[in-house]
Amino acid sequence: MTTTNTHVTGTARLNFAKAAPKVFRALIGFDAAAREGLDPALVELIQIRASHLNRCAYCLHMHTNDARKAGETEDRLHMVPVWREARHFFTEQEQAALALTEAVTLVADGGVPDEVYARAAAHFDEQELAHVLSLILAINTWNRVALSTAKLAGTDERG
């Protein structure tokens with residue numbers, strides 16, 4: 001494996017994992033801790049929605065593949081970006097998590113509205129809600145790492 005990524009413009013970008021291994025391992029640990037106790041299907045829906053919003057093709061490709069491997073249906077995967085118009089594809093809990101994912105991911109656009117937070121709090125206990133929030137923070141961090149270092153969609157480097 002090389003130490004740089006090449007962006008479509010030909011500009012070399014650093015390999016974050018090699019350049020900052022302690023930070024990278026810390027992110028992996030944070031991500032793993034965030035997932036604990038959460039339904040794997042919900043984990044992937046959250047990661048997919050944040051990756052859509054952040055326009056992170058690398059993470060979107062990775063997490064839609066992970067969702068398929070976990071048994072997610074194509075119908076639901078296709079409906080994630082338009083979940084509000086396709087609510088019948090998702091449980092109330094999933095809808096609450098998707099709304100919270102959008103609010104936290106787009107926090108600069110208006111914060112996290114009380115009604116969005118309250119809806120999520122109604123569907124998750126405190127520990128679960130803390131893990132959902134942590135997962136949203138983790139995927140947003142991963143999206144920013146992938147986008148900043150020009151990770152190429154379809155090149156899952158997890159091993």
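Side-chain heavy atoms closer than 4.5 Å link hydrophobic residues (I, L, V, M, F, W, Y) into clusters, and following such links, even through other members, never connects Phe30 to Trp142. Hydrophobic clustering (ILVMFWY, side-chain heavy atoms < 4.5 Å, transitive): Trp83 and Leu77 are in one cluster.
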**Stepwise salt bridge (charged side-chain N to carboxylate O under 4.0 Å, His left out) check, Glu92 with Arg87** = CA-CA 8 Å; Glu92 287 289 324; Arg87 291 176 192 265; over 6 Å; no
**Item:** Gln95 vs Arg84, side chain to side chain contact (heavy atoms under 4.5 Å, CB included): CA-CA, chis, key distance, verdict
**Value:** CA-CA 8 Å; Gln95 291 175 47; Arg84 282 185 176 82; over 6 Å; no
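Under the 4.5 Å side-chain criterion, counting only non-hydrogen atoms from C-beta, Arg55 is not in contact with Leu147. For the pair Phe16/Val23, a side-chain contact is recorded, criterion being any heavy-atom separation below 4.5 Å from C-beta on. With contacts defined as side-chain heavy-atom distances shorter than 4.5 Å, the pair Leu98/Ile46 does not qualify. A heavy-atom distance below 4.5 Å is found between the side chains of Phe90 and Leu45. Under the 4.5 Å side-chain criterion, counting only non-hydrogen atoms from C-beta, Asp66 is in contact with His63.
Remark: the backbone N or O of Glu102 is not paired with any side-chain donor or acceptor of Arg49 at under 3.5 angstrom. Side chain of Glu72 to main chain of Thr64: no donor-acceptor pair is present (N/O by atom type, distance under 3.5 Å, no hydrogens or angles).
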Donor-acceptor pairs under 3.5 angstrom involving side-chain atoms of residues 129-138: please list them, not counting sequence neighbours.
{"residue": "His131", "atom": "ND1", "partner": "Ala33", "partner atom": "O", "Å": "3.0"}
{"residue": "His131", "atom": "ND1", "partner": "Ala34", "partner atom": "O", "Å": "3.0"}
{"residue": "His131", "atom": "ND1", "partner": "Glu36", "partner atom": "O", "Å": "3.2"}
{"residue": "Ser134", "atom": "OG", "partner": "Ala130", "partner atom": "O", "Å": "2.8"}

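Remark: Thr101 OG1 to Gln47 CD distance equals 9.5 Å, nearest 0.5 Å. With rounding to the nearest 0.5 Å, the separation of CG in Asn15 from CZ in Phe24 is 8.0 Å. One finds the CZ atom of Arg76 at 4.0 Å from the CD atom of Glu94 (value rounded to the nearest 0.5 Å).
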